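Scroll down for the structure; my scribbles are underneath it.
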Amino acid sequence: AQKITQTQPGMFVQEKEAVTLDCTYDTSDQSYGLFWYKQPSSGEMIFLIYQGSYDEQNATEGRYSLNFQKARKSANLVISASQLGDSAMYFCAMRPSGNTPLVFGKGTRLSVIA
Amino acid sequence: ETGVTQTPRHLVMGMTNKKSLKCEQHLGHNAMYWYKQSAKKPLELMFVYNFKEQTENNSVPSRFSPECPNSSHLFLHLHTLQPEDSALYLCASSQDPGREREKLFFGSGTQLSVL
């Protein structure tokens, strides 16, 4: 069965500092995609970054980067230079190969402190 | 603004009521989804429609009835709900659900409270 584990229910970070949000996954598929979404208090889930299992480089999108360690089955999100607007829930998700839906983790609540 | 609009934003209903949630996407996508988000639980996929055809029903109770009249609109009809059905219901869309790197675009959700 496919499973996403986010072990940090809540995290605090000082403004302008970097923070790492953990994500581990379990799949027997060789080909899969990994996603991170942000959910502010407004409720909308916002796509942040994508990593393919065969991508050789770690994905980066602006202040977001994904620390992908395939052998350890981890896909941690790194947010650099945190801003107050980064305070939100963050969800890691995985899509195994084929026509299968996204599987989400329980999320991590990030609070950025001024 | 992601291009996916959900109404209403908030809904309070009694267990004997019938109500409907509406979702509309303006992105030209072919697939639409309903997810349920309960406190301290992962998002649960409920239904998937691809080109108006239901392709996934994740063992959802029959008191939830989806309807997809076209690729841009998705409804969730609710009747005789239970208090444990209180949750945030999120609608999403995507271009091609078969692609591994396909990302979903979500609406802001309907916060449902069942009394």
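What you see is a predicted model, and the numbers here were worked out from it, not measured in a lab. Atom set for the values below is all heavy atoms of this structure, side chains included, hydrogens, waters and symmetry mates excluded.
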Treating Ile, Leu, Val, Met, Phe, Trp and Tyr as nodes and any side-chain heavy-atom pair under 4.5 angstrom as an edge, say whether B:Phe64 and B:Leu115 lie in one connected cluster. no
For A:Gln30, does the CD atom sit with more than 12 other heavy atoms under 6.0 Å from it, leaving out its own atoms? no
Kindly list each side-chain donor-acceptor pair under 3.5 angstrom involving residues 10-26 of chain A, sequence neighbours excluded, with atom names and distances?
residue : atom : partner  : partner atom : Å
A:Gln14 : NE2  : A:Ala114 : O            : 3.2
A:Asp22 : OD2  : A:Gln8   : NE2          : 3.3
A:Tyr25 : OH   : A:Tyr32  : OH           : 2.7

Does any part of the side chain of B:Arg101, heavy atoms only, come nearer than 4.5 Å to the side chain of A:Leu34, both counted from C-beta? no
Common cluster, B:Tyr89/B:Phe106, ILVMFWY with side-chain heavy-atom separation under 4.5 Å: no
Output field: ring centroids A:Phe104/B:Tyr35 closer than 6.0 Å: yes
Nearest 0.5 Å, what's the CE-CG distance between A:Met45 and B:Leu43? 5.0 Å
Of the non-hydrogen atoms in A:Gly43 and B:Leu90, which two are nearest, and what is the gap between them? O-CD2, 3.7 Å
I'd like to check A:Tyr37 versus B:Lys103 (side-chain heavy atoms, cut-off strictly below 4.5 Å). Are they in contact? yes
In terms of heavy-atom proximity below 4.5 Å to chain B, should A:Gln6 be classed as side chain, backbone, both, or neither? neither
Please indicate whether B:Lys41 has more than 12 foreign heavy atoms, meaning atoms of other residues, nucleotides or ligands, lying under 6.0 Å from its NZ. no
For atom CD of A:Gln57, is the number of surrounding heavy atoms from other residues, nucleotides or ligands below 6.0 Å larger than 12? no
Taking side chain as C-beta onward, heavy atoms only, is B:Leu104 less than 4.5 Å from A:Leu102? yes
Checking A:Arg95 side chain against B:Glu102 main chain: does a donor-acceptor pair fall under 3.5 Å? yes
Exceeds 12 heavy-atom contacts within 6.0 angstrom, atom NZ of A:Lys73: yes
For B:Arg9 and A:Ser42, work out which heavy atoms get closest and say how close. NH2-O, 2.8 Å
